[in-house]
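Residue numbering restarts at 1 for every chain, and letters A, B, ... go by the order of the sequence lines.
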Number of protein chains: 2
Amino acid sequence: MIFSTSEENYIKSIFHLQQFAELVNTNALATEMNTRAASVTDMLKKLKTKKLVQYEKYQGCKLTEVGKKVALAIVRKHRLWELFLVDKLRFDWDSVHPIAEELEHISSEELVNKLSDFLGNPSFDPHGDPIPDKNGKIPLLNQQCLSDIPIKKIVTISSVSNQSAQMLEMLKHYHIVLGTQIMILKKFEFDGSSEIKVIKKNVCIISEQVTKNLFVHDIQKKK
Amino acid sequence: MIFSTSEENYIKSIFHLQQFAELVNTNALATEMNTRAASVTDMLKKLKTKKLVQYEKYQGCKLTEVGKKVALAIVRKHRLWELFLVDKLRFDWDSVHPIAEELEHISSEELVNKLSDFLGNPSFDPHGDPIPDKNGKIPLLNQQCLSDIPIKKIVTISSVSNQSAQMLEMLKHYHIVLGTQIMILKKFEFDGSSEIKVIKKNVCIISEQVTKNLFVHDIQKKK
DNA sequence: AATTAAATTTAGATTTGTCTAAATTTAATT
DNA sequence: AATTAAATTTAGACAAATCTAAATTTAATT
Ligand SMILES: [Mn+2]
Ligand SMILES: [Mn+2]
Ligand SMILES: [Mn+2]
Ligand SMILES: [Mn+2]
């Protein structure tokens, strides 16, 4: 089965929003897709006839098992291309998303698998997000939110949940990338900000907004 | 300026057909594009308003200077991606065309240039076709058609003008790839076929159809 | 020069994906 | 429970790209 770029983007967005709620409602999808609620309704009807989503009028939608498989295949492509762009073509990690947004719709299955081989069948993308394998299986990673880590413990940055260009730009300024080791020196109760030491680099203060969006794991865990 | 995939494919086809005639007529384009003459007419009107082609009713069309630039940029992308697929992802040279047909429409300029750097700014694609540079300049290559080469002279295969899957499959069977050195042993007047020696490999007989579609240069000329 | 054939264009439809404005349903509030 | 607000869907329109069938223009042939 072949899907249009638009259908694929909807499926991916629904998949993404399902992390936060069992049922995805029309307005949320419209916001995520940067379109209007009416357009979403039209598309949901189509995706329903193609058995990619369950959908009842006014009740929101969720992906079927088939829909989930399709979503995982697109996410796989997206993240493999992102890694290719960063590791091989030397793009910055904060500039690859929009390009991968196009590349993820190239259809050849053989291409994805050969790309994966070429990259050494990696498990994580440049933002620390897991790359589903050929069968849609996502590698587990037991990471914790930086805001839950006690002080004086050295941890490694493993992923960033807010991947806006603004966030990534700020992290770059602090010399924080995936794999960077840091230690929390002090937490300020007043505003929830933390003073951290970037190992071998600077000391700085980051806001609670930032610690809530950074995920870490214990040191010495291979990517 | 941004163009749709369809517009880009038309531009590329017109560029291709202009090699054979000053003016490209509607039916030829329809055949090349695998569509109907009526659709071509519609598109030509649009491309004209965008100043990519010169076009007068019933008179055929040709690319403007801007149109040519656009065409060369697409050809550049197509050939760079083809080389990437063969050299890096280890695709066979006879299977990359349809995939490059999709990849050539990815818009990022930075992507193309970084891809070119990654590949070592190559001048020829896996089929021996020249890759236009950033400015649309095409490297010259003084090659000759194999059918014009005298016997007993060692030459190197440099490009293949008929790139159908069937042709490429047959060449693979004869162990002929770009860079392969061959020598014509004998030409048969009866049907124009030639007996050739593939250096360090086999002796075989190839038809005139094949020799007319193979281009060669003198040995020891770097790719 | 008149006729026929071939090439090309127009007219009118269709599909996909989108939009605005209006109608409907569901949820929240008095 | 009635009213208001918010969310969602429908109706109707539009742009892009395509198609078929009919009309028109150009080229080829008698
Ligand atoms: Mn996308
Ligand atoms: Mn990512
Ligand atoms: Mn193409
Ligand atoms: Mn090629």
How many Å lie between CD on A/Gln59 and C1' on D/dT9, as a whole number?
12 Å
Round to the nearest Å and state the distance from A/Leu44 atom CG to C/dT18 atom P.
12 Å
Roughly how many Å is it from NE2 in B/His105 to P in D/dA16, rounded to a whole number?
18 Å
Which residue, A/Glu7 or A/Ala38, contacts DNA chain C at a nucleotide closer to its 5' end, judged by nearest heavy atom?
A/Glu7
Among C/dT10, C/dT18, D/dT18, which is the nearest nucleotide to the side chain of B/Lys45?
C/dT10
Salt bridge check: are B/Asp92 and B/Lys172 linked by an N-O gap of less than 4.0 Å?
yes
How long is the line joining CG of A/Asn27 and P of C/dT24, in whole Å?
19 Å
OP1, OP2 of D/dT10 versus side-chain N and O of A/Lys57: anything below 4.0 Å?
yes
Residue pair A/Asn113 / A/Arg76, side-chain donor-acceptor N/O under 3.5 Å:
yes
Once you apply a heavy-atom cut-off of 4.0 Å, does A/Ser39 come out as touching a base, just sugar-phosphate, or nothing?
base
Pairing partner of D/dT30 (Watson-Crick or G-U wobble, both distances under 3.5 Å)
C/dA1
Only one of B/Lys50, B/Lys12, B/His105 passes side chain to side chain donor-acceptor pair (under 3.5 Å) with B/Glu7; say which it is.
B/Lys50
Pair partner, D/dA13 [Watson-Crick or wobble, under 3.5 Å]:
C/dT18
Under-4.0 Å side-chain N/O to phosphate OP1/OP2 contact, A/Ser6 with C/dT16:
no
Return the minimal non-hydrogen interatomic distance between B/Thr211 and B/Ser194, and the atom names on each side.
CG2-OG, 3.9 Å
Provide the Watson-Crick or G-U wobble partner of C/dT24, both distances under 3.5 Å; none if there is no partner.
D/dA7
When the distance from CG of A/Leu29 to P of D/dT9 is rounded to whole Å, what number comes out?
11 Å
Using a heavy-atom cut-off of 4.0 Å across all strands, would you classify A/Asn25 as base, sugar-phosphate, or nothing?
sugar-phosphate
Between CG of B/Asp42 and C1' of C/dG12 the distance, given in whole Å, is 12 Å
Taking 4.0 Å as the cut-off, does a side-chain nitrogen or oxygen of A/Tyr58 come that near to OP1 or OP2 on D/dT10?
no
Looking only at non-hydrogen atoms, find the nearest pair between B/Tyr10 and B/Thr35 and report the distance.
OH-CG2, 3.6 Å
Complementary nucleotide for D/dC19 - Watson-Crick or wobble, under 3.5 Å:
C/dG12
Spacing of A/Leu23 atom CG relative to D/dT8 atom P, expressed in whole Å:
11 Å
